[in-house]
Amino acid sequence: MNAVYRLTHELSQQLEKSRIAQYTELLFSPWRLIWLNVLTGAARGVGIALGFTFFAATIIYVLQVLGALNLPIIGDYIADIVRIVQHQLELKTY
């Protein structure tokens, strides 16, 4: 009987650690679930936007520094990219 009690106690501890009760409570309140998903999505979107902004600003800063150094190979490469972008912009007719 002691082994059954110990096994049951371990099982209840594992269920408590997995927070299954809170999860089932959340499933029975759909408005709270929707609200949490909206907040999570908004936070993720803001995080992605901030991360991309920081990444793009860093890349632009590095390219500006490399352009200011006037290195022949890198300068020609950046000039080619600028020419390609300008050509693509001229081709677009909205």
Side-chain angles (χ1 to χ4, degrees):
M1 194 65 167
N2 196 13
V4 172
Y5 173 75
R6 217 172 326 126
L7 186 62
T8 308
H9 190 272
E10 282 181 29
L11 184 61
S12 69
Q13 291 293 339
Q14 288 175 353
L15 284 175
E16 190 64 35
K17 284 181 185 176
S18 69
R19 297 183 182 186
I20 195 84
Q22 287 87 359
Y23 179 69
T24 53
E25 247 180 67
L26 188 62
L27 287 178
F28 284 118
S29 59
W31 289 111
R32 183 163 188 261
L33 182 62
I34 290 170
W35 176 246
L36 286 175
N37 283 330
V38 167
L39 284 179
T40 303
R44 187 172 292 150
V46 168
I48 289 171
L50 289 176
F52 179 74
T53 302
F54 178 74
F55 178 73
T58 304
I59 294 298
I60 289 171
Y61 177 74
V62 168
L63 287 176
Q64 283 179 344
V65 168
L66 289 176
L69 291 176
N70 204 8
L71 299 173
I73 295 172
I74 296 174
D76 292 340
Y77 180 70
I78 293 172
D80 287 339
I81 291 174
V82 169
R83 273 194 292 272
I84 291 169
V85 170
Q86 286 178 344
H87 181 68
Q88 288 294 327
L89 289 174
E90 290 172 0
L91 290 178
K92 301 230 179 195
T93 56
Y94 292 105

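Remark: I34 CD1 to R32 CZ distance equals 13.0 Å, nearest 0.5 Å. Atom-to-atom distance recorded for I84:CD1 and Q86:CD is 11.0 Å, nearest 0.5 angstrom. Taking CZ of R44 as the reference point, atom CG of N37 lies at 9.0 Å (rounded to 0.5 Å).
Residues satisfying the side chain to side chain contact (heavy atoms under 4.5 Å, CB included) criterion with I59, sequence neighbours excluded, are F55, L63.
Following chains of ILVMFWY side-chain contacts shorter than 4.5 Å, one cannot reach W31 starting from F28, and the two form parts of different hydrophobic clusters.
Connectivity analysis of hydrophobic side chains (ILVMFWY, heavy atoms under 4.5 Å, direct or indirect) links V46 to L50. Taking Ile, Leu, Val, Met, Phe, Trp and Tyr as members and joining any whose side-chain heavy atoms lie under 4.5 Å apart, directly or through other members, the hydrophobic cluster of L39 also contains W35.
L36 and T40 make their closest contact through O-OG1, 2.7 Å (heavy atoms, listed as atom of the first residue, atom of the second, distance).
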